[in-house]
Each structure stands twice: as structure tokens, then as C-alpha cells.
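This report concerns only the one structure given below.
Keep in mind that this is a model prediction, so the values were computed, not measured. Here, residue 1 is the first one in the sequence, and each next residue gets the next number. Note that ligands are numbered from 1 as they come in the structure, with each ligand's atoms numbered from 1 the same way.
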Amino acid sequence: MSIRPLVIIPDSKLRLVSEPITDITSEIRQLADDMLETMYDAPGVGLAAIQIGVPVRMVTMDVSKSDDERQPMVLLNPEITWASEEKRVYEEGCLSIPEYYEEVERPDRVRFRFMNLQGETVEQDADGLLATCVQHEIDHLNGVLFIDYLSKLKRDRVMTKFKKAAKREAGA
Ligand code: K1U
Ligand code: ZN
């Protein structure tokens with residue numbers, strides 16, 4: 001297992017639409033291990049493969065409260081199959097946009113379907129943080145970031161800040 005570097009905005013990789021996973025190979029299992037280790041190290045409650053630069057439709061999540069009782073989830077080709085009309089607002093963060101948090105409105109409850117590492121299709125209901133997180137992660141697979149739901153003014157501000165930081169780093 002290894003901790004992989006995170007892809008940070010304005011890296012254009014974050015705008016790619018990731019490819020479906022067709023076979024559960026040893027590379028796919030290794031990627032799942034590395035994503036979990038990277039997510040726990042960050043720390044985060046979710047991670048999409050593109051956030052470590054791999055454009056495949058894999059997500060890891062763990063929204064459990066305690067470090068002692070980890071509940072790691074690995075989702076291959078996840079999709080939302082139902083979303084509630086009711087919305088809820090949650091303050092979201094993103095490991096690809098460090099130290100920036102904003103409120104985002106999304107469906108309160110969702111049903112999602114995915115393949116697990118055993119190749120089984122699973123369908124699951126979610127509310128609370130799990131519902132928010134799975135929607136945020138599936139957005140990553142489609143090249144969508146939570147800042148896309150904010151006003152243009154807020155999005156432009158955060159993009160400008162990170163573009164300047166990237167320029168400084170490239171020059172350093
Ligand atoms: O996809 C990501 O960038 C991960 C992101 C997921 C997420 C968080 C909150 C709402 C929606 C989606 C994060 O995990 S940001 C870090 C974070 O929220 C957190 C970190 C440590 C403990 C608890 C939460
Ligand atoms: Zn994110």
C-alpha cells in the first residue's frame with residue numbers, strides 16, 4: 001500500500017470523465033488499497049481515483065465516526081439510481097481544494113448502485129454525510145467539483161487563489 005500525491009486545482013485532470021472499470025485486476029485491487037491509505041492519511045471521508053491522477057470510476061469512502069471502527073467502502077462504477085426531492089445543505093470540503101469549505105445544497109437522500117471488489121452488484125440507501133459524500137465523489141468521476149455549485153464570484157475567487165499558488169510553486 002502507498003500514499004499517493006493528491007491532484008490539486010487548477011489541474012485539468014480533475015475535469016476528465018473517468019472510464020468504467022470492466023475487470024477487477026490486481027492493479028485495480030492495488031489502486032483500491034492505495035486510495036484507502038491516501039484517504040485515511042489526508043484525512044478525508046471520501047476519495048475518487050482521479051484525485052490521485054487515475055481516470056477510472058473508483059471511489060473509496062469511510063464516514064464512520066471513530067478511527068477504532070473503520071468502515072472502508074470501495075465502489076466501482078457507482079451511480080445514483082434515485083434521489084429525494086427534499087434537499088439539504090452541508091458544508092463540503094474537497095481534498096483537491098485544500099482548506100476551502102462552502103455550503104452546498106444536494107438531495108437529502110439517495111439510492112446508489114455499484115460493483116464491489118468481489119464483482120457483486122450492490123444497491124444501498126444513504127442519508128446524512130454518506131448521501132452527501134457519495135454524490136460529491138460521483139461528481140468527481142464526471143469531472144464536476146463542488147465549487148461548480150457556487151456562485152461564479154466565489155468559484156472565480158477560489159480558482160484565482162489556487163492558480164496563483166500553482167504559479168508560485170512552478171517558479172520556486
Ligand atoms: O472527495 C474529496 O475531496 C473528499 C472529501 C469528501 C467530502 C467531504 C465533505 C462533504 C462531502 C464530501 C473530504 O473528505 S474533505 C475532508 C473532510 O470532510 C473530513 C476530514 C476529516 C474528518 C472528517 C471530514
Ligand atoms: Zn472532492
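Seen from the Zn ion (ligand 2), atom SG on Cys94 and atom NE2 on His140 lie at an angle near 110° (rounded to 10 degrees).
Among all protein heavy atoms, the one lying closest to atom 8 (C) of ligand 1 is Val45 CG2, 3.7 Å. With respect to atom 3 (O) of ligand 1, the closest heavy atom belonging to the protein is Leu95 N, 2.8 Å.
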(request) Could you check Asp62 against Ser64 for side-chain hydrogen bond (donor to acceptor under 3.5 Å, both in side chains), going step by step and ending with a plain yes or no? (result) CA-CA 6 Å; Asp62 189 341; Ser64 61; 2.6 Å; yes
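His136 and His140 have perpendicular rings, their planes meeting at more than 60° on a 0 to 90° scale where under 30° would count as parallel.
Counting the atoms of ligand 1 from 1 in the order shown, those under 4.0 Å from a heavy atom of Glu137 are 1 (O), 2 (C), 4 (C), 6 (C). Using a 4.0 Å cut-off to heavy atoms of Gly46, the atoms of ligand 1 that qualify are 1 (O), 2 (C), 4 (C), 14 (O). Taking every heavy atom of Pro43 and a limit of under 4.0 angstrom, the matching atoms of ligand 1 come to 16 (C), 20 (C), 21 (C). Which parts of ligand 1 touch Cys94 is read off a 4.0 Å heavy-atom cut-off, strictly below it: atoms 3 (O), 15 (S). Atom numbering of ligand 1 starts at 1 in the shown order; those under 4.0 Å from a heavy atom of His140 are 1 (O), 3 (O).
Remark: side-chain polar atoms of Glu37 are not paired, donor with acceptor, to backbone N or O of Asp34 under 3.5 angstrom. Judged purely by atom type and a 3.5 angstrom limit, Thr121 has no side-chain atom pairing as donor or acceptor with the backbone of Met115. No donor-acceptor pair closer than 3.5 Å links the side chain of Arg109 to the backbone N or O of Ser84. Side-chain atoms of Gln51 do not come within 3.5 Å of backbone N or O of Leu47 as any donor-acceptor pair.
For a threshold of 3.5 Å applied to N or O pairs, the pair formed by Cys133 and ligand 1 contains no separation below that value. Residue-to-ligand polar distances keep Gly93 apart from ligand 1: every N/O pair is separated by 3.5 Å or more. The shortest N or O to N or O distance between Ser96 and ligand 1 is not below 3.5 Å. In terms of N/O distances under 3.5 Å, ligand 1 is not approached by Tyr90. Not one N or O of Glu91 is nearer than 3.5 Å to an N or O of ligand 1, by distance alone.
Enclosure of atom CD in Gln118 by more than 12 non-hydrogen atoms of other residues, nucleotides or ligands within 6.0 angstrom is indicated.
When the heavy-atom distances from atom 11 (C) of ligand 1 to Met39, His136, Gln135, Arg106 are ranked, the shortest goes to His136.
Partner of Thr81 under the side-chain hydrogen bond (donor to acceptor under 3.5 Å, both in side chains) criterion, chosen from Glu123, Arg113, Arg111: Glu123.
Electrostatic pairing of Asp148 and Arg15 counts as a salt bridge here, judged by a charged N lying under 4.0 Å from a carboxylate O.
For the ligand labelled ligand 1, residue Ala48 lies outside the 4.0 Å heavy-atom shell.
Between the NZ atom in Lys161 and the CD atom in Glu99 there is a gap of 7.0 Å [rounded to 0.5 Å].
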